[in-house]
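Structure record follows, encoded as structure tokens.
Note that the structure is a prediction, hence the values are computed from the model and not measured.
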Amino acid sequence: MLLVFAYSVKSFTPPIFSTNSIADLRALDVNGDEQYLLLRGADRDQPVLLFVHGGPGMPAMYLAHDFQRQLEKHFVVVHWDQRSSGKSFKADASGDQLSTSQLLSDMDVVVDFLRDELSTDRLWLVGHSHGAYLAVLYARRHDDKVCAYVGVGQVTNDSATGPVFSLQREFLEARREELGLEPGVAIDRSNLEDLLFRTGSELYGETSFAPLLLSGLMATEYNLFDSLNVAKGSSFSSRHMRYDMPRDLLANEWQFNIPVALIMGRHDMVTPTQLAREYFEKIEAPAKAWLEFKETAHFPHFEQPQQFTAALTMLRESWGDCPHRLRDAVPADVADLATAVDGNESVDVQPDDSSGADSQSPPEADLQWLRKETTQEVITAYALMFRHLGLSEAEQVDLTNFLVEVAISSTRMRNFNPQPITEDDRQAGITAIIGDAKLLQLLELERNKMEYWEAGRATRLFQANDVPLTDAQQDQFLEILVQVRGQEQAVANPDVQRRSVEYVENRMAEMDEYERLVLELSPSVLSDRQMELLFERYQAFSYRRAEILDMQKKTRANETDDDDFPLVYPARD
């Protein structure tokens with residue numbers, strides 16, 4: 001009886017015996033709701049890692065003791081039981097309070113608390129399953145607070161009309177005999193989870209939820225009532241979760257301003273690995289990495305904790321404690337133009353109502369964010385072109401607004417499908433703003449759009465270090481970039497598979513050669529200090545690429561299957 005009583009009331013996290021450690025289990029007021037956090041690390045000055053659990057409503061805090069003890073030596077690991085989940089579950093909670101946007105708002109409160117509590121500007125964000133969906137949305141909208149994003153069991157599109165269920169049913173239909181299913185038994189959502197467990201698609205080599213349950217019962221952070229609330233919170237959240245933000249990440253949520261890694265189990269059919277791979281291939285980020293664990297399914301962190309820790313520490317070594325973001329610095333003239341554009345009326349876009357009652361317009365804040373991001377992209381690519389065209393300030397603002405509208409017209413979200421603008425319409429719109437003659441000039445300049453982009457990034461680098469480029473320097477540096485890119489494109493890539501180490505090695509060599517040629521030609525244009533900054537940046541990139549390549553070769557040497565090694569893409573400025 002005493003043991004039962006003790007178990008029913010216990011709730012603590014064990015201490016960590018080191019000088020600057022942190023081991024804290026606490027409640028936090030999050031938008032008027034009491035929610036629980038677990039913070040653990042051997043050194044509170046290490047990078048902060050927020051683990052965003054899945055579900056919806058399925059916490060990871062009660063499994064932490066089983067998979068993160070070694071990870072606590074390299075990060076301050078934080079678990080957050082989301083609204084109506086685990087320790088944060090309340091029997092009198094209202095289902096009206098559960099939505100994607102609400103959880104993102106809650107996450108922002110948690111992140112700001114951690115930044116203040118642990119004196120850090122940005123933190124690592126790791127999302128699992130449904131938490132990976134939430135974390136993608138957050139990381140793309142708050143990259144000023146996030147160092148890097150790591151998706152585990154990455155969701156791509158789990159909507160009712162998405163491809164996941166059809167893939168799962170096809171997978172299970174092929175295993176009817178193995179599962180002992182009679183011909184008349186349908187595979188549907190009522191038996192889907194049980195069948196996925198029985199095929200080892202949730203936990204590889206296991207056929208039920210039992211290992212997770214047994215692990216959870218050993219968690220000192222959860223008392224008996226907390227443990228009972230795990231199932232209650234999961235059921236409640238699944239029934240009441242309202243998705244008021246895009247669910248199809250492949251359609252629009254794939255451009256990041258921070259490094260991105262996906263960690264997948266080869267046997268995962270809950271969030272099918274093949275869909276995660278499609279998403280990874282589409283992702284644009286300063287650096288990205290694909291890590292596929294052979295003998296795991298949907299819970300790589302729980303099934304292979306040592307490999308999971310090794311993966312995250314490898315990423316930290318490759319990318320640094322808080323990796324560089326793409327747009328950390330903006331030159332004054334670009335910032336002024338961005339302000340002028342932001343002051344104009346927003347682009348008028350209409351939501352697609354074709355999907356029926358489920359279809360809702362994206363929140364106004366989401367549209368504003370999309371416009372802001374798109375505006376910055378356009379300005380970065382076109383600001384120098386505008387000067388070469390001799391456009392007035394009013395023409396620059398009007399043309400930027402129009403090019404933003406063109407870019408947004410190609411955006412595809414589940415609930416946001418504006419009318420596409422054709423190339424003919426684009427040219428007609430540009431002509432209306434700057435005239436026929438300048439249209440032809442602009443089309444000619446756009447042939448070197450990538451080089452204009454590179455020149456813009458160099459402009460930001462030098463501006464941020466108080467050695468800005470003059471107009472003449474910008475023009476001459478652009479000429480060098482065009483010349484070097486022409487030489488690079490003249491070299492044919494060897495015929496190797498894209499996933500092979502040889503392919504990655506070749507791409508890295510090309511990048512090294514590109515940077516070497518730029519440095520070789522730039523002293524005639526740049527000052528000593530500017531050359532020093534450019535050399536330091538290129539040297540840092542070269543070292544990082546060499547480290548990544550070395551790790552890939554070592555990983556490949558220890559594997560017998562060509563598809564097993566983690567594919568880590570080099571950083572791009």
How far does [atom1] of [X] sit from [atom2] of [Y], to the nearest 0.5 angstrom?
{"X": "Asn465", "Y": "Phe462", "atom1": "CG", "atom2": "CZ", "value": "9.0 Å"}
{"X": "Leu118", "Y": "Leu123", "atom1": "CG", "atom2": "CG", "value": "9.0 Å"}
{"X": "Leu461", "Y": "Gln530", "atom1": "CG", "atom2": "CD", "value": "9.0 Å"}
{"X": "Leu25", "Y": "Leu37", "atom1": "CG", "atom2": "CG", "value": "8.5 Å"}
{"X": "Glu295", "Y": "Tyr204", "atom1": "CD", "atom2": "OH", "value": "6.0 Å"}
{"X": "Ser85", "Y": "Leu98", "atom1": "OG", "atom2": "CG", "value": "7.5 Å"}

Got a salt bridge between [X] and [Y], using NZ or NE/NH1/NH2 to carboxylate O under 4.0 Å?
{"X": "Asp43", "Y": "Lys73", "result": "no"}
{"X": "Glu117", "Y": "Arg26", "result": "yes"}
{"X": "Asp106", "Y": "Arg83", "result": "yes"}
{"X": "Asp112", "Y": "Lys145", "result": "yes"}
{"X": "Arg198", "Y": "Glu193", "result": "no"}
{"X": "Asp158", "Y": "Arg247", "result": "yes"}

Please walk me through it: do Thr199 and Phe171 pass side-chain contact (heavy atoms from CB on, under 4.5 Å)?
CA-CA 10 Å; Thr199 58; Phe171 169 78; 3.6 Å; yes

So, does [X] use its side chain to make a donor-acceptor pair with the main chain of [Y] at under 3.5 Å?
{"X": "Glu303", "Y": "Ala297", "result": "yes"}
{"X": "Gln168", "Y": "Met269", "result": "yes"}
{"X": "Thr120", "Y": "Asp116", "result": "no"}
{"X": "Ser238", "Y": "Ser234", "result": "yes"}
{"X": "Arg140", "Y": "Gln255", "result": "yes"}
{"X": "Lys282", "Y": "Trp254", "result": "no"}
{"X": "Lys90", "Y": "Glu34", "result": "yes"}
{"X": "Ser215", "Y": "Leu63", "result": "no"}
{"X": "Asp29", "Y": "Gly32", "result": "yes"}
{"X": "Thr309", "Y": "Pro305", "result": "yes"}

Heavy-atom closest contact ([X] atom, [Y] atom, distance):
{"X": "Tyr149", "Y": "Ala135", "value": "CE1-CB, 3.4 Å"}
{"X": "Glu202", "Y": "Phe299", "value": "O-CD1, 3.4 Å"}
{"X": "Ala23", "Y": "Pro15", "value": "CB-CA, 4.1 Å"}
{"X": "Phe302", "Y": "Pro211", "value": "CZ-O, 3.8 Å"}
{"X": "Ser129", "Y": "Gly54", "value": "CB-CA, 4.3 Å"}
{"X": "Pro59", "Y": "Gly86", "value": "CG-CA, 3.8 Å"}

Please report the C-alpha distance between Arg529 and Asp466 in whole Å, then the side-chain angles of each, then the deciding distance to 0.1 Å, and finally whether the salt bridge (charged side-chain N to carboxylate O under 4.0 Å, His left out) criterion is met.
CA-CA 10 Å; Arg529 176 55 179 156; Asp466 298 322; over 6 Å; no

Distance only, no hydrogens: is a donor on one side chain within 3.5 Å (strictly under) of an acceptor on the other, for [X] and [Y]?
{"X": "Ser11", "Y": "Asn223", "value": "no"}
{"X": "Asp268", "Y": "Thr273", "value": "no"}
{"X": "Gln97", "Y": "Arg242", "value": "no"}

Are Arg122 and Asp144 close enough, and set up right, to give a salt bridge (charged side-chain N to carboxylate O under 4.0 Å, His left out), and what steps lead you there?
CA-CA 7 Å; Arg122 293 186 284 153; Asp144 58 324; over 6 Å; no

Pairs involving residues 41-71, ordered by first then second residue, that meet ring-ring contact (aromatic ring centres under 6.0 Å, His included) (sequence neighbours left out):
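Found Phe51-Phe67, Phe51-His79, Phe51-His301, Tyr62-Tyr222, Phe67-His79, Phe67-His301.
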
Run the salt bridge (charged side-chain N to carboxylate O under 4.0 Å, His left out) check on Asp226 and Lys87 step by step: do they pass?
CA-CA 5 Å; Asp226 295 332; Lys87 290 178 73 70; 2.7 Å; yes

Any side-chain heavy atom of [X] sitting closer than 4.5 Å to one from [Y]?
{"X": "Val78", "Y": "Arg40", "answer": "no"}
{"X": "Tyr279", "Y": "Gln154", "answer": "yes"}
{"X": "Val48", "Y": "Arg115", "answer": "no"}
{"X": "Phe113", "Y": "Val109", "answer": "no"}
{"X": "Glu206", "Y": "Leu212", "answer": "no"}
{"X": "Leu50", "Y": "Val126", "answer": "no"}
{"X": "Glu278", "Y": "Thr156", "answer": "no"}
{"X": "Val110", "Y": "Val30", "answer": "yes"}

With side-chain hydrogen bond (donor to acceptor under 3.5 Å, both in side chains) as the test, would you mind laying out the steps for Gln304 and Thr296 before giving the verdict?
CA-CA 7 Å; Gln304 296 287 342; Thr296 65; over 6 Å; no

Going through the distances and angles, do Arg141 and Glu253 end up as a salt bridge (charged side-chain N to carboxylate O under 4.0 Å, His left out)?
CA-CA 10 Å; Arg141 288 152 180 78; Glu253 304 287 332; 2.9 Å; yes

Does Arg277 make a cation-pi contact with Phe280 (under 6.0 Å, within 45 degrees of the axis)?
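Relative to the ring axis of Phe280, which defines the angle, Arg277 lies outside at least one limit.
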
Any idea how His298 and His128 line up, ring-wise: parallel (<30°), tilted (30 to 60°), or perpendicular (>60°)?
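Plane angle between 30° and 60°, so tilted.
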
Would you check, one step at a time, whether the test side-chain hydrogen bond (donor to acceptor under 3.5 Å, both in side chains) holds for Trp80 with Gln35?
CA-CA 8 Å; Trp80 158 50; Gln35 298 176 18; 2.8 Å; yes

Would you say the rings of Phe75 and Trp124 are close, in the sense that their centroids are separated by under 6.0 Å?
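Yes, they do, as the ring centres are separated by less than 6.0 Å.
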
Show your working on side-chain contact (heavy atoms from CB on, under 4.5 Å) between Tyr514 and Glu454 and close with a plain yes or no.
CA-CA 12 Å; Tyr514 172 81; Glu454 292 279 348; 3.9 Å; yes

Leu519 vs Leu534, test: side-chain contact (heavy atoms from CB on, under 4.5 Å). Steps then yes/no.
CA-CA 8 Å; Leu519 289 172; Leu534 192 64; 4.0 Å; yes

Taking atom CE of Met531 as the centre, does the number of heavy atoms from other residues, nucleotides or ligands within less than 6.0 Å exceed 12?
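It does: Met531 CE has more than 12 such atoms within range.
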
